[in-house]
There are 2 protein chains.
Amino acid sequence: MPVARPRQPVLSRQRIVEVATAILDKEGLDALSTRRLAQELGVRAPSLYNHFATKDAILDAVADAIIAQVDLRMFGKGEWAVALTEWARTYRRALAAHPNAVPFLAHGPALRPAALALADAVYGALVEAGWPPSYATRIGAAMRYFVAGSSLGSFALGFPDDPSVYAQRYPNLRDAHRLRGRHRQVDDGAFELGLATLVRGFETLYAQVVDAR
Amino acid sequence: MPVARPRQPVLSRQRIVEVATAILDKEGLDALSTRRLAQELGVRAPSLYNHFATKDAILDAVADAIIAQVDLRMFGKGEWAVALTEWARTYRRALAAHPNAVPFLAHGPALRPAALALADAVYGALVEAGWPPSYATRIGAAMRYFVAGSSLGSFALGFPDDPSVYAQRYPNLRDAHRLRGRHRQVDDGAFELGLATLVRGFETLYAQVVDAR
DNA sequence: GTCTATATGATGATAGAC
DNA sequence: GTCTATCATCATATAGAC
């Protein structure tokens, strides 16, 4: 029996990356197997190897496609502190849309082009603004720590909504069962509070380190 | 042939948790299978099920054992800002010793006793110091974001040490290949800078929100 | 409380047909 | 460039002997 072979390729690197991202988002890294991915693409697993050498190469492409969503156009115009704030928000938006990928993404840019371009833009903007290199590095790292941590998963949703969990044993948390109901407010509020605090602190430091030079 | 059965139990929940943590740290979550765990314990995989109902229960116990390492005794004595700073350092020390567990830990306390005790202590200390509940929640969440993000993995080690990666294409990163050599300084420096900035900012906010009340 | 044996099914990757 | 077929390996979990 002849094997049906489509005249037009049904696979492409882009389509594979899109579907892989969707599986990763919906069901986590464990669900992302080559068979499962192929099934959702309407092909069999071995076909994937015509487009990527290994499964890890697929994951790398997923990671870089996520980072490529981060807008970097705010750098190079206007105040560095304003740009840093806007960038942190886009960065968080991109990561928080794919929380299962955050542990992987947080391991750094490696050889991924979009991740390297991101680091280049942030660091470049800080140095251009007058920050000494050692400060620019540490500010960039601290911002990434905060954004990655806030994208790993909801703080508020980590608390059980059963009040009896807290009664007696954890008296200060007696209202924690209500966190789930307003998790968005809590998580967004914590992010914005931390972001504003960090950027305002860096502005104060800037006055001492750069302006006073 | 009779089955050799030791007079003293060779397994215990504590020993299982210790060895599971060691495997998780050395080789990651993927390497932590029941067979592998049993092998390192000198038994066969099914024996583990006499001590834990499922593999997930083992993971939960590992997670709580890590959080149990976080010292909480600084709360309730002295200034809240000093306690918060010391706590963040212990917290990071505990998490950074087990980076492969951070994504799991960051999902919140769930029903794990040590994690609930930690949340109870931090939140309680802030409220006791006079912070309104909504601020205490957001400060606690922001701190966890920062600590978790800084424990996921090294910032500095994420950059390849091959200078040719950056040449031409990422001019601002032309010195990034040197980050690996001093990754400890960079990561610790970024953490301490971010921590000091956050706590100092919260102190300023405290003067506005609580003292001015 | 640990053992042997086994059920049951998934995994990443390759060879070679078409 | 996708297919079938298959390899070698791994997984979590249960039943019942001792």
Side-chain angles (χ1 to χ4, degrees), chain A residues 1-64 100-101 103-104 107 110, chain B residues 1-64 100-101 103-104 107 110:
Chain A
M1 203 161 81
V3 172
R5 179 175 160 192
R7 296 165 186 253
Q8 291 292 88
V10 301
L11 289 182
S12 68
R13 289 177 63 98
Q14 197 197 332
R15 227 168 78 72
I16 292 171
V17 166
E18 284 170 6
V19 174
T21 306
I23 295 172
L24 183 67
D25 290 344
K26 251 184 298 183
E27 307 182 39
L29 191 62
D30 287 349
L32 185 58
S33 65
T34 54
R35 291 165 139 82
R36 175 69 196 286
L37 177 54
Q39 189 196 359
E40 304 240 336
L41 283 160
V43 299
R44 306 291 177 140
S47 304
L48 301 170
Y49 290 88
N50 289 309
H51 301 268
F52 290 96
T54 64
K55 190 195 170 187
D56 278 350
I58 299 177
L59 248 170
D60 255 325
V62 168
D64 217 41
N100 295 328
F104 185 82
H107 281 156
Chain B
M1 201 159 84
V3 171
R5 178 176 162 195
R7 295 166 187 254
Q8 290 290 88
V10 301
L11 289 182
S12 68
R13 289 177 64 99
Q14 196 197 332
R15 227 168 80 71
I16 293 171
V17 166
E18 284 170 6
V19 174
T21 306
I23 296 172
L24 183 68
D25 290 345
K26 252 184 298 187
E27 308 181 38
L29 191 63
D30 287 349
L32 185 58
S33 66
T34 54
R35 288 159 132 79
R36 175 68 196 288
L37 178 54
Q39 190 198 356
E40 305 241 337
L41 284 159
V43 301
R44 306 291 177 140
S47 303
L48 300 170
Y49 291 90
N50 289 310
H51 301 268
F52 290 96
T54 64
K55 190 195 171 187
D56 278 350
I58 299 177
L59 248 170
D60 254 325
V62 168
D64 217 41
N100 295 328
F104 185 81
H107 281 155

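Numbered from 1 within each chain, the chains take letters A, B, ... in sequence-line order.
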Considering residues at least two apart in sequence or located in another chain, which fulfil the salt bridge (charged side-chain N to carboxylate O under 4.0 Å, His left out) criterion with A:Arg36?
-> A:Glu27, A:Glu40

Residue set satisfying side chain to side chain donor-acceptor pair (under 3.5 Å) with A:Asp25, at least two apart, ordered chain then number -> A:His98

Throw together a table of side-chain donor-acceptor distances under 3.5 angstrom for residues 52-61 of chain A, partners on residues two or more places apart or in other chains.
residue, atom, partner, partner atom, Å
A:Thr54, OG1, A:Asp56, N, 3.4
A:Thr54, OG1, A:Ala57, N, 3.2
A:Lys55, NZ, A:Leu32, O, 2.8

Interatomic distance, B:Asn50 CG vs D:dA15 P [rounded to whole Å] = 13 Å

Side-chain touch B:Thr21/B:Val62, heavy atoms, less than 4.5 angstrom | yes

When rounded to the nearest 0.5 angstrom, what distance separates CG in A:Asp30 from CG in A:Asn100?
-> 9.5 Å

Of the residues in residues 18-46 of chain B, which ones touch DNA chain D at a heavy-atom distance under 4.0 Å?
-> B:Ser33, B:Thr34, B:Arg35, B:Pro46

Provide, to the nearest angstrom, the distance between the OH atom belonging to A:Tyr49 and the P atom belonging to C:dT11.
-> 11 Å

Atom CD1 of A:Ile58 and atom P of C:dG12 are separated, to the nearest Å, by 9 Å

For B:Leu24 and B:Ala101 the tightest heavy-atom approach is CD2-CB, 3.8 Å

Can a side chain N or O of B:Ser47 be found less than 4.0 Å away from OP1 or OP2 on C:dG1?
-> no

Distance in angstrom units between A:Leu48 CG and D:dC3 P, rounded = 10 Å

Which nucleotide, C:dG1, D:dA13, C:dG12, lies nearest any side-chain atom of B:Thr54?
-> D:dA13

